[in-house]
J.: 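Provided herewith is a single structure, encoded as C-alpha cells, for subsequent inquiry.
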Amino acid sequence: MIRPSRFQARIGALALVALLVVACGSSAADPRLSTVGDSIEGNGAAGAPAASGAPALGGGNGSNSPTALRDDARIIRTGSVTIQVTDLDAALRSARDTVSAVDGYIGASRLANNGDQSVASISYRIPVDRWDEALDALRKLGKVLDEQTDAVEVTGQIIDLEARIRNLRASETALQKIAATATRIADVLEVERRLSEVRGQIEQLDAQRADLVDRAAYATLTVTFGLQVVAVTEAAKGWDPATEVDLASGTLINVLQALTTAGIWFAIVWVPILLGLGLISAAVVFVLRRVGVLERRAPVEPTPAA
C-alpha cells in the first residue's frame with residue numbers, strides 16, 4: 001500500500017478546506033459585515049479594503065463606503081411598451097433624443113417597413129435611477145396600447161458572489177505559496193491543477209457578478225412603435241393560421257373517430273341483435289301459419305266479362 005506523502009496530504013487538506021469555505025460562503029456572508037468596497041479585481045488578499053476613492057461595485061453612486069451596497073438595493077428593471085404613433089420616423093427620433101438625455105443608449109433595434117404597417121422595436125438601456133423619467137417621456141410620444149414592467153432585487157446574489165470570490169482568491173493565494181515550496185514534479189503538477197480549477201471558478205463567478213451589476217445599473221426597456229394600424233396588428237396577434245389548421249384537423253379527426261366508433265358498435269352489437277329479431281319474427285310467422293291463424297289467401301281471379 002502506497003502512502004501519500006506529507007506534501008500531498010497538505011494539498012488535499014487545503015483543497016478540502018477551500019471547498020468547504022466556498023460551499024459555506026453563502027451562509028457566511030453577512031450583508032452587515034461584508035466590505036462591499038473591496039476591490040475584487042487585482043486584489044490577492046481576501047478582505048483587503050479598497051483603495052481610497054475607488055468606486056463601489058457597479059458604479060451605482062460612486063461611493064466607497066462599506067455600507068453602500070447594503071443601503072442601496074440593486075434592482076434589475078425590465079419592461080416593454082407598445083405605442084401607437086402617427087409619424088414613425090419622428091417618434092423614433094424623439095425617443096432617441098429622450099433616451100440620450102438620460103444618459104441611456106440603444107441596445108438593439110428591429111424595423112419592419114411595409115407601407116402603413118411599419119413597426120419598429122427598439123431596446124433601450126436606461127440608467128436605473130432615471131427609469132421613471134425616461135418611461136414618462138416615452139409615454140408622451142403616442143397612445144400606449146400595452147405596457148409591462150418588472151423589477152427583481154439582486155442585492156443578496158451580488159453579496160454572495162463577492163464573498164465566494166474572496167474565499168476562492170484566498171485559496172488561490174495559499175496554493176501559490178505551496179507551489180513556491182514544491183520540489184517534486186508530481187507535487188507541482190498537482191498544485192497547478194488545483195490552481196487551474198480555482199481560477200476557473202473565480203472567472204465564472206466574476207462574470208456572473210459583472211453581469212448582475214451591469215443589469216442592475218442599466219435597465220432594459222423594449223418599445224414597439226407603430227402607425228395607426230398598430231391596433232389592428234395587435235388584435236391580429238391572437239390569430240395564427242397554423243393553429244387554426246391544427247384545430248380544424250383535430251376536429252376532423254374527432255368526427256371520423258366518432259363515425260368509426262359508431263360503425264364498430266353497429267357491426268358488433270346491433271347487427272347480431274337485428275338478425276336475431278329477424279329470425280324470431282320469421283319463426284313466429286311460420287308457426288302461426290302452421291296452426292292456421294294466418295292463412296294464405298288464394299289470389300282472386302277476375303270474373304270474365306259476359
Side-chain angles (χ1 to χ4, degrees), residues 36 53-65 67-159 207-239:
V36 299
L57 294 176
N61 55 10
S63 172
N64 62 345
S65 171
T67 59
L69 185 58
R70 184 193 65 190
D71 296 337
D72 299 332
R74 300 297 181 90
I75 298 176
I76 295 178
R77 293 185 180 274
T78 56
S80 62
V81 182
T82 301
I83 302 178
Q84 176 180 311
V85 297
T86 56
D87 189 339
L88 182 59
D89 294 334
L92 291 177
R93 288 192 298 268
S94 300
R96 181 189 58 194
D97 296 339
T98 298
V99 173
S100 298
V102 296
D103 298 329
Y105 62 92
I106 296 176
S109 63
R110 182 178 64 87
L111 176 62
N113 193 354
N114 187 16
D116 293 338
Q117 297 182 358
S118 298
V119 176
S121 180
I122 314 295
S123 294
Y124 299 104
R125 299 298 307 277
I126 302 171
V128 69
D129 56 345
R130 307 192 70 175
W131 167 268
D132 294 329
E133 178 184 350
L135 189 57
D136 291 339
L138 291 172
R139 290 194 188 106
K140 298 177 181 178
L141 297 179
K143 180 181 178 181
V144 178
L145 301 179
D146 181 70
E147 179 179 332
Q148 295 180 354
T149 59
D150 191 15
V152 179
E153 184 176 354
V154 293
T155 308
Q157 298 181 36
I158 294 176
I159 293 177
Q208 295 178 13
R209 182 197 62 82
D211 178 66
L212 288 177
V213 169
D214 177 70
R215 291 164 58 192
Y218 280 84
T220 301
L221 178 64
T222 302
V223 184
T224 301
F225 300 94
L227 302 178
Q228 295 291 347
V229 294
V230 169
V232 179
T233 304
E234 291 295 321
K237 284 184 177 179
W239 183 79

J.: For a quick test of reading the model, state the closest non-hydrogen atom pair linking Val85 to Gly142 and the distance between them.
T.: CG1-CA, 4.3 Å
J.: Starting at CD1 of Ile158, measure out to CD of Gln208 and round the result to the nearest 0.5 Å.
T.: 12.0 Å
J.: Between Ile106 and Val99, does a side-chain contact (heavy atoms from CB on, under 4.5 Å) hold up when you go through it step by step?
T.: CA-CA 8 Å; Ile106 296 176; Val99 173; 5.8 Å; no
J.: Quick check for you: to the nearest 0.5 Å, what is the distance between Thr86 atom OG1 and Lys143 atom NZ?
T.: 13.0 Å
J.: Taking all atoms of both residues into account, what is the closest heavy-atom pair of Val102 and Arg130, and its distance?
T.: CA-NH1, 3.5 Å
J.: Which pair of heavy atoms, one from Glu153 and one from Gln157, lies closest together, and at what distance?
T.: O-NE2, 4.5 Å
J.: Quick one: OG1 on Thr98 to CG on Asp136, what's the gap to the nearest 0.5 Å?
T.: 11.0 Å
J.: For Leu111 versus Leu88, what's the shortest heavy-atom pair and its separation?
T.: CD1-CD2, 4.0 Å
J.: Around atom CZ of Arg110, are there more than 12 heavy atoms of other residues, nucleotides or ligands at under 6.0 Å?
T.: no
J.: If you compare all heavy atoms of Leu212 against all heavy atoms of Val154, which two are closest, and at what distance to 0.1 Å?
T.: CD2-CG1, 4.2 Å
J.: Treating Thr155 as the side-chain partner and Arg74 as the backbone partner, does any N or O pair qualify as donor plus acceptor under 3.5 Å?
T.: yes
J.: Within this structure, what is the CH2-CD1 distance for the pair Trp131 and Ile126, rounded to the nearest 0.5 Å?
T.: 6.0 Å
J.: Quick check: closest heavy atoms across Leu92 and Ala120, and the distance to 0.1 Å?
T.: CD2-CB, 3.9 Å
J.: Show your working on side-chain contact (heavy atoms from CB on, under 4.5 Å) between Thr224 and Ser80 and close with a plain yes or no.
T.: CA-CA 8 Å; Thr224 301; Ser80 62; over 6 Å; no
J.: Within a strict 4.5 Å, meaning less than it, do heavy atoms of the Leu135 and Glu147 side chains meet?
T.: yes
J.: So, taking the atom named CG in Asp129 and the one named CD1 in Ile75, what distance separates them when rounded to the nearest 0.5 Å?
T.: 12.0 Å
J.: Does the pair Asp211 and Arg215 meet the rule for a salt bridge (charged side-chain N to carboxylate O under 4.0 Å, His left out), with working shown?
T.: CA-CA 6 Å; Asp211 178 66; Arg215 291 164 58 192; 3.2 Å; yes
J.: Is there a side-chain contact between Val223 and Leu141 in this structure, where contact means two heavy atoms from C-beta onward sitting under 4.5 Å apart?
T.: no
J.: Rounded to the nearest 0.5 Å, how far apart are CG of Asp146 and CD of Gln84?
T.: 13.0 Å
J.: How about Arg125 and Thr220: do any of their side-chain heavy atoms sit closer than 4.5 Å?
T.: yes
J.: Parallel, tilted or perpendicular, judged at 30° and 60°: which one describes the rings of Tyr218 and Tyr105?
T.: tilted
